[in-house]
Amino acid sequence: MSEEKGNLESMLKDLGQKIDTLIDEAKDATGHLKDDLEEKIEVLKKKRDELDDSFSDYREKGKDKWEEAKPHLSKAANELKSALDKIFK
């Protein structure tokens, strides 16, 4: 369980760093590209925050709830990672 939590925490940290990079890139963008990037950033931030909230909630409830939540959190994390990977390709 702790290894999986560590992996999820690491993924959340990595996603946060990618969002920060995207924010920096958006500062230099202009026009439609800037608007598009800012919109994507807001969507990604919201998803990241929802994932982080869910992870925190389940972490507080203990091991028995972790097993129940693990598939849902993993799916959400993978979806967010996939979205960021598409942006950075």
Side-chain angles (χ1 to χ4, degrees):
M1 179 176 94
S2 65
E3 180 181 333
E4 291 160 339
K5 283 184 182 179
N7 289 341
L8 188 54
E9 288 171 338
S10 176
M11 185 181 286
L12 284 170
K13 182 178 177 183
D14 183 51
L15 294 173
Q17 290 171 343
K18 286 185 177 182
I19 291 171
D20 290 343
T21 299
L22 192 58
I23 290 169
D24 288 341
E25 290 177 6
K27 289 178 186 175
D28 295 331
T30 59
H32 179 67
L33 177 61
K34 183 174 184 142
D35 294 340
D36 187 45
L37 286 173
E38 288 176 348
E39 183 179 316
K40 288 179 181 179
I41 289 167
E42 289 307 311
V43 169
L44 292 171
K45 281 182 176 180
K46 183 178 178 186
K47 288 183 178 184
R48 181 205 54 206
D49 291 345
E50 289 171 358
L51 180 61
D52 190 43
D53 290 345
S54 294
F55 177 63
S56 295
D57 184 44
Y58 287 114
R59 184 174 40 203
E60 290 173 13
K61 290 182 178 180
K63 184 177 179 177
D64 57 326
K65 293 294 182 178
W66 171 249
E67 291 302 319
E68 179 184 322
K70 184 172 47 174
H72 302 289
L73 291 172
S74 293
K75 181 181 177 195
N78 288 330
E79 287 174 1
L80 185 53
K81 182 180 183 309
S82 177
L84 280 169
D85 288 345
K86 287 178 184 177
I87 291 171
F88 283 98
K89 285 187 178 182

Atom CD of Glu50 with >12 non-hydrogen neighbours under 6.0 angstrom: yes

Rounded to the nearest 0.5 Å, what separates atom [atom1] in [X] from atom [atom2] in [Y]?
| X | Y | atom1 | atom2 | value |
| --- | --- | --- | --- | --- |
| Lys18 | Thr21 | NZ | OG1 | 9.0 Å |
| Leu44 | Leu37 | CG | CG | 10.5 Å |
| Glu38 | Leu33 | CD | CG | 10.0 Å |

Contact summary for Ile19 and Arg48, nearest pair of heavy atoms: CD1-NH1, 3.9 Å

Heavy-atom pair of closest approach, residues Lys27 and Lys34: O-NZ, 3.9 Å

Do Lys46 and Glu42 come within less than 4.5 Å of each other through their side chains, counting heavy atoms only? no

Lys45 vs Asp49, test: salt bridge (Lys or Arg N to Asp or Glu O under 4.0 Å). Steps then yes/no. CA-CA 6 Å; Lys45 281 182 176 180; Asp49 291 345; over 6 Å; no

Take Asn78 and Ser82 through the test side-chain contact (heavy atoms from CB on, under 4.5 Å) and record every step on the way to the result. CA-CA 6 Å; Asn78 288 330; Ser82 177; over 6 Å; no

Taking a hydrophobic cluster as the set of Ile, Leu, Val, Met, Phe, Trp and Tyr residues connected by side-chain heavy atoms closer than 4.5 Å, whether directly or through intermediates, do Leu15 and Ile23 fall within one such cluster? yes

